[in-house]
Amino acid sequence: MKKNELYIYIPLSFALLLPVPGRFAYGLIIVFLLYLMSVCGILFKKFAVKFFNAELSNVIVTIMLVSLCILVRQLVIVFSPLIAFVLGIAFFMPAFTSFILGNLYSSSSLSVLFELKNIFVKCSFFCVFALVFFFIRDVFGYGTISFPSPNGIFEIQIFSAENKILPFSFLASIPGAVVLLLLFNALFFKIISSFEIIETSRVD
């Protein structure tokens with residue numbers, strides 16, 4: 001991934017991850033939604049461009065993605081009403097993120113397979129980022145690791161109340177999530193910069 005592309009991930013990480021409670025269970029759902037919306041967004045775009053003009057195709061893609069999001073939310077309500085309630089408006093954020101990651105409003109003559117491969121790579125990078133973020137907040141902020149369940153979330157206790165690492169419980173709060181995101185973004189900038197230096201030295 002190029003360094004300039006990473007600038008896109010910074011606002012997306014704040015827009016998508018901050019509104020979601022810091023539990024790994026909710027992170028899994030958000031990651032699944034992001035993959036689904038990104039892949040379907042590419043397919044919807046190819047369909048819309050084929051049958052409609054450029055202006056109308058953008059509207060069609062938006063309507064289809066929002067409709068898909070509503071449909072999936074109804075399925076989540078059937079599975080666990082509590083999860084759907086807790087996620088609230090954040091449930092629709094992966095649809096917005098998929099527009100940015102997949103450039104769904106921009107025209108492209110590339111093949112479907114190429115665009116799907118491209119969005120899979122971009123989405124995977126962001127999803128690993130998100131899962132690590134939720135994992136750290138869940139384990140150190142709440143002392144648990146959680147998974148989705150019909151009753152909301154199923155928790156596996158990692159730290160008991162007596163053994164909980166109190167300074168890290170700050171990560172369970174929104175200010176703690178902001179600090180963690182800033183640290184994560186700084187770390188990824190450093191990693192990407194290091195890879196670019198290595199690639200440049202190889203070319204030379």
Note to self: Would you say that more than 12 heavy atoms from the other residues, nucleotides or ligands in this model lie under 6.0 Å from the CZ of Phe85, or not?
What the structure shows: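 Counting neighbours around CZ of Phe85, 12 or fewer heavy atoms of other residues, nucleotides or ligands fall under 6.0 Å, so no.
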Margin query: Just checking Leu43: does its CG atom have more than 12 heavy atoms from other residues, nucleotides or ligands closer to it than 6.0 angstrom?
Written below: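 Yes.
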Item checked: is_close_aromatic(Tyr26, Phe134), centroid dist under 6.0 Å ->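 Distance test on ring centres: not under 6.0 Å, no.
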Notebook entry, point to check: Among Asn185, Val132, Ile136, Leu17, which one satisfies side chain to side chain contact (heavy atoms under 4.5 Å, CB included) with Leu180?
Noted result: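 Among the candidates, only Ile136 passes.
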What I'd like to find out is whether the side chain of [X] reaches to under 4.5 Å of the side chain of [Y], using heavy atoms alone.
{"X": "Ser146", "Y": "Phe154", "value": "no"}
{"X": "Phe96", "Y": "Leu65", "value": "no"}
{"X": "Phe14", "Y": "Val178", "value": "yes"}
{"X": "Ile158", "Y": "Phe140", "value": "no"}
{"X": "Phe133", "Y": "Leu181", "value": "yes"}
{"X": "Leu34", "Y": "Leu16", "value": "yes"}

Ignoring hydrogens, what is the shortest heavy-atom contact between [X] and [Y]? Give both atom names and the distance.
{"X": "Ile77", "Y": "Ala84", "answer": "CG1-CB, 3.5 Å"}
{"X": "Leu28", "Y": "Pro148", "answer": "CD1-CD, 3.9 Å"}
{"X": "Ser149", "Y": "Ile83", "answer": "O-CD1, 3.8 Å"}
{"X": "Cys69", "Y": "Met37", "answer": "CA-CE, 3.4 Å"}
{"X": "Val86", "Y": "Pro21", "answer": "CG1-CG, 3.5 Å"}
{"X": "Ala25", "Y": "Asp138", "answer": "N-OD2, 4.5 Å"}

Are [Y] and [X] connected in a single hydrophobic cluster, I mean Ile/Leu/Val/Met/Phe/Trp/Tyr linked by side-chain heavy atoms less than 4.5 Å apart?
{"X": "Leu75", "Y": "Leu87", "value": "no"}
{"X": "Ile89", "Y": "Phe32", "value": "yes"}
{"X": "Leu56", "Y": "Phe51", "value": "yes"}

Using 0.5 Å steps for rounding, measure from the [atom1] atom of [X] to the [atom2] atom of [Y].
{"X": "Leu68", "Y": "Phe44", "atom1": "CG", "atom2": "CZ", "result": "5.0 Å"}
{"X": "Ser124", "Y": "Ile119", "atom1": "OG", "atom2": "CD1", "result": "9.5 Å"}
{"X": "Ser38", "Y": "Leu33", "atom1": "OG", "atom2": "CG", "result": "10.0 Å"}
{"X": "Glu155", "Y": "Tyr142", "atom1": "CD", "atom2": "OH", "result": "9.5 Å"}
{"X": "Arg23", "Y": "Phe135", "atom1": "CZ", "atom2": "CZ", "result": "12.5 Å"}
{"X": "Phe126", "Y": "Ile30", "atom1": "CZ", "atom2": "CD1", "result": "10.0 Å"}

Note to self: Using the rule given for side chain to side chain contact (heavy atoms under 4.5 Å, CB included), can you reason through Phe184 versus Ser13, listing the C-alpha separation, both sets of side-chain angles and the distance that settles it, and then say yes or no?
What the structure shows: CA-CA 10 Å; Phe184 267 39; Ser13 64; over 6 Å; no
Next item on the list: Would you kindly check if the NZ (Lys) or CZ (Arg) of Arg73 is within the cone defined by 45 degrees around the ring axis of Phe92 and under 6.0 Å from the six-membered ring centre?
Entry: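 The answer is no, since Arg73 fails at least one limit relative to Phe92.
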Note to self: The test is side chain to side chain contact (heavy atoms under 4.5 Å, CB included); show your working for Ile42 and Phe114 and say whether it passes.
What the structure shows: CA-CA 10 Å; Ile42 296 296; Phe114 183 89; over 6 Å; no
Next item on the list: Please work out which of the three classes, parallel, tilted or perpendicular, describes the rings of Tyr35 and Phe120, given edges at 30° and 60°.
Entry: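 Phe120 and Tyr35: tilted rings.
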